[in-house]
2 protein chains.
Amino acid sequence: MSIAEVARLAGVSTATVSRALSGRGHVSAKAREKVLEAASELGYVVSQAASSLASGRTRNVGIVLPFLNRWYFTTVLEGAQQRLMRAGYDVTLYNLAGDGDERREVFEHFLLRQRVDAVIAVSLELTEPEVTRLHAIGKPLVGVGGPIPGVHTLAIDDVAVARLATEHLVGLGHTRIGLIGGDHESDADFHLPTKRRQGFEAAMNDAELPIVATRIADADFTIEGGYRAAKQLLGPLRERPTAIFAASDEMAFGAMLAARDLGLQVPNDISIIGVDDHDQSEFFGLTTVAQFPREQGAAAVDVLMAQLEPRDAEMPADTPLPFELRVRSSTSRPRD
Amino acid sequence: MSIAEVARLAGVSTATVSRALSGRGHVSAKAREKVLEAASELGYVVSQAASSLASGRTRNVGIVLPFLNRWYFTTVLEGAQQRLMRAGYDVTLYNLAGDGDERREVFEHFLLRQRVDAVIAVSLELTEPEVTRLHAIGKPLVGVGGPIPGVHTLAIDDVAVARLATEHLVGLGHTRIGLIGGDHESDADFHLPTKRRQGFEAAMNDAELPIVATRIADADFTIEGGYRAAKQLLGPLRERPTAIFAASDEMAFGAMLAARDLGLQVPNDISIIGVDDHDQSEFFGLTTVAQFPREQGAAAVDVLMAQLEPRDAEMPADTPLPFELRVRSSTSRPRD
DNA sequence: TTGAAAGCGCTAACAA
DNA sequence: TTGTTAGCGCTTTCAA
């Protein structure tokens with residue numbers, strides 16, 4: 001089943017079939033119709049391999065992620081994939097999780113096989129050589145959720161997000177505010193833990209509130225990590241914080257569970273705020289600063305499309321990504 | 001950068017380069033070495049498009065999933081992807097979630113473009129035409145987690161799993177046992193809800209225990225759904241169940257939270273068991289019947305590889321997939 | 001074990 | 001607007 005058979009059945013040349021099916025180049029309405037009819041009658045679908053070889057375009061985008069088991073990553077992936085599919089593009093998934101050489105393999109072989117037209121890197125701080133390599137083979141690259149030097153990146157302002165969350169607690173009248181930050185091991189790649197901490201500290205300083213070391217604990221962005229960190233922060237009775245800012249919703253969930261296990265009521269005894277607006281945050285009644293990973297994924301695709309298919313879209317403006325405070329029932333004024 | 005340049009630098013023909021690099025066909029050690037050296041010196045990586053066109057093999061496998069935001073699916077995906085990558089294969093991801101035509105698009109266009117050598121369908125009951133179409137273009141197909149007529153499928157015995165879970169509760173001495181099953185909307189495709197219910201009923205019948213309609217509630221496999229269902233089951237004081245079998249761990253988590261909110265202690269007042277052995281089950285202390293989605297994904301790849309590259313492996317035997325009771329702290333003898 | 005050369009199926013420049 | 005045709009870069013006979 002090749003383009004030649006379609007051409008024969010439609011009574012035109014293969015070039016016309018190609019033009020009619022791809023949409024590039026001029027084809028008369030009549031010819032287009034004949035081609036479409038013939039193609040559907042034969043159940044013809046173009047061979048990507050042949051098309052790629054001839055045109056140099058694969059209609060395939062690589063998405064590189066550090067993990068698959070975290071809400072943020074899969075949600076970005078979903079947003080990007082949906083938009084790409086609508087544009088007729090495939091998505092090839094490169095998951096870097098694993099014991100060993102995945103990362104090197106991906107960057108030294110998989111991505112260089114001329115299989116993708118572009119790459120989306122999610123929450124990954126690529127190294128200089130990794131970026132260079134991709135640029136060298138002329139592949140557009142866009143980052144989501146993490147800063148990559150010299151690359152168009154879509155990311156929320158993590159400092160501002162943390163500041164907003166902290167200010168919400170300050171605004172409610174809290175003065176003893178704890179922080180569950182991200183540890184650096186679990187996120188070596190994106191400086192998110194540092195930034196969210198900076199925002200926290202900035203807000204505390206502005207409010208002239210003390211930043212107390214014993215009210216700061218690091219965790220690994222999981223529920224369990226948040227649980228442990230909260231137990232640590234809330235354990236001592238004296239000078240216990242009345243509010244906690246957790247750098248992610250999943251850690252905030254853990255903190256809420258820890259509070260309950262300690263016999264503390266949320267929000268009466270302890271207010272808790274997170275970041276993300278995770279699928280389950282509504283269920284937990286968690287106040288949070290929402291970011292919109294699905295939209296972030298889709299926006300990344302728009303940026304790529306502007307480069308890959310300059311005809312139908314101009315480059316989207318480089319606007320900062322939105323975030324938004326969502327007040328629910330996990331925060332309130334302190335009881336005092 | 002093409003194979004010709006490598007050939008020139010190595011002082012051999014393009015055919016020899018191809019053979020040396022792909023490993024098929026005989027090449028002298030000397031020639032192979034020269035080729036490898038030249039290739040690495042030039043940073044040469046084969047063009048997949050050209051290779052595919054010439055050989056008819058893409059070294060790419062399509063994985064089709066109904067959602068991305070559930071632990072089971074992403075874990076299967078991760079297991080499959082890791083193994084495929086190790087074999088030098090790419091993974092193209094087809095996520096059917098979305099508002100509309102995704103499914104038709106995927107099966108009528110994306111999968112037919114000769115972009116994949118094989119397809120793995122996760123928790124999807126493909127229709128007759130969908131299967132036929134794939135077979136018609138000669139693409140091996142394997143299913144994970146859901147039965148597909150006429151297709152090699154890897155799935156645990158859901159009836160047996162549910163029976164095992166229920167028998168655990170019966171064995172502890174429970175007689176009033178509730179079920180949180182799956183509703184059919186959220187999983188139209190795999191008959192898992194029905195099967196797990198069958199297993200539950202079989203175990204109850206064997207133990208000569210009554211199956212009471214008010215002790216059965218359906219949910220959508222989410223925490224929130226499990227929470228609601230449990231509230232419903234545990235609300236009435238009289239004849240309240242002393243144990244609940246939830247058809248998934250995420251629903252079981254919800255049930256545990258609901259129990260707490262009702263002032264019930266797990267396991268003293270209510271025992272809860274799930275299915276999956278979710279990442280977080282250990283943290284919640286949830287007793288569960290573990291299945292091993294990562295291994296299921298990897299096993300699916302083994303089946304495909306046996307078909308795609310018959311040389312290096314015989315077809316793995318069609319053994320039933322393992323599952324295993326994991327007793328933790330959410331189940332105990334009833335108090336009575 | 002190696003090399004020459006004929007495609008694989010399509011696209012895009014060019015000509016008509 | 002359409003057709004002719006030369007590649008795209010690789011694999012794989014076939015012959016040596």
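Computed over heavy atoms, backbone and side chain alike; hydrogens, waters and symmetry mates excluded. No experiment lies behind these values; they were computed from the predicted model shown.
- Under 4.0 Å is where a charged nitrogen must lie from a carboxylate oxygen, and between Glu295(B) and Arg83(B) no such pair does.
- Applying the side-chain hydrogen bond (donor to acceptor under 3.5 Å, both in side chains) test to residues at least two apart or on different chains, the pairs with a partner in residues 109-118 of chain A are Thr58(A)-Asp117(A), Arg113(A)-Asp90(B), Arg115(A)-Asp90(B).
- Contacts between residues 2-17 of chain B and DNA chain D, counted as heavy-atom distances below 4.0 Å, involve Ser2(B), Ile3(B), Ala15(B).
- Of all nucleotides in DNA chain D, those with any atom nearer than 4.0 Å to a heavy atom of chain A start and finish, going 5' to 3', at dT1(D) to dG9(D).
- The stretch residues 129-144 of chain B participates, sequence neighbours left out, in these salt bridge (Lys or Arg N to Asp or Glu O under 4.0 Å) pairs: Arg103(B)-Glu130(B).
- Spacing between atom CZ of Arg19(A) and atom C1' of dA13(C) amounts to 10 Å, rounded to whole angstrom units.
- Between the C1' atom of dC8(C) and the CD atom of Gln48(A) lies a distance of 15 Å, rounded to the nearest Å.
- One interatomic measurement links the two molecules: CD of Gln114(B) to C1' of dG9(C), which rounds to 9 Å at whole-angstrom precision.
- When the options His135(B), Met305(B), Gln307(B), His152(B) are evaluated for a side-chain contact (heavy atoms from CB on, under 4.5 Å) with Pro140(B), the one that passes is Gln307(B).
- Computed from coordinates, the Arg57(A) CZ to dG9(C) P distance equals 22 Å when rounded to whole Å.
- Rounded to a whole Å, the CG atom of Leu53(A) is 12 Å from the P atom of dC10(C).
- Taking 4.5 Å as the limit, some side-chain heavy atom of Pro293(B) sits within range of a side-chain heavy atom of Trp71(B).
- Across all strands shown, Ala49(B) has no heavy atoms under 4.0 Å from either base or sugar-phosphate atoms.
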**OP:** Show the numbers, then the answer: is there a salt bridge (Lys or Arg N to Asp or Glu O under 4.0 Å) between Arg59(A) and Glu309(A)?
**Re:** CA-CA 11 Å; Arg59(A) 305 208 135 241; Glu309(A) 315 199 342; 3.1 Å; yes
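- Arg24(A) places its CZ atom 11 Å from the P atom of dA13(C), with the value rounded to the nearest Å.
- Straight-line distance from the CD1 atom of Ile137(B) to the C1' atom of dG9(C): 16 Å, rounded to whole Å.
- Taking Asp101(B) as the reference, Arg104(B) meet the salt bridge (Lys or Arg N to Asp or Glu O under 4.0 Å) condition, with sequence neighbours excluded.
- As rounded to whole Å, 9 Å separates atom P of dC10(C) from atom CG of Leu21(A).
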Name every donor-acceptor pair, under 3.5 Å, that has one atom in a side chain of residues 43-55 of chain B and the other anywhere in the protein, sequence neighbours excluded.
residue: Ser47(B); atom: OG; partner: Ala49(B); partner atom: N; Å: 3.4
residue: Ser47(B); atom: OG; partner: Ala50(B); partner atom: N; Å: 3.2
residue: Ser52(B); atom: OG; partner: Gln48(B); partner atom: O; Å: 2.7
residue: Ser52(B); atom: OG; partner: Arg57(B); partner atom: O; Å: 3.3
residue: Ser55(B); atom: OG; partner: Ser51(B); partner atom: O; Å: 2.7
residue: Ser55(B); atom: OG; partner: Arg57(B); partner atom: N; Å: 3.1

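- Nearest-nucleotide assignment on DNA chain C puts the 5′-proximal partner with Lys30(B), out of Ser55(B) and Lys30(B).
- Set against dT1(C), dT11(C), dG7(C), the side chain of Ser51(A) has dT11(C) as its closest nucleotide.
- The minimum heavy-atom distance linking Val61(A) with Tyr89(A) is given by the pair CG2-CD2, 3.8 Å.
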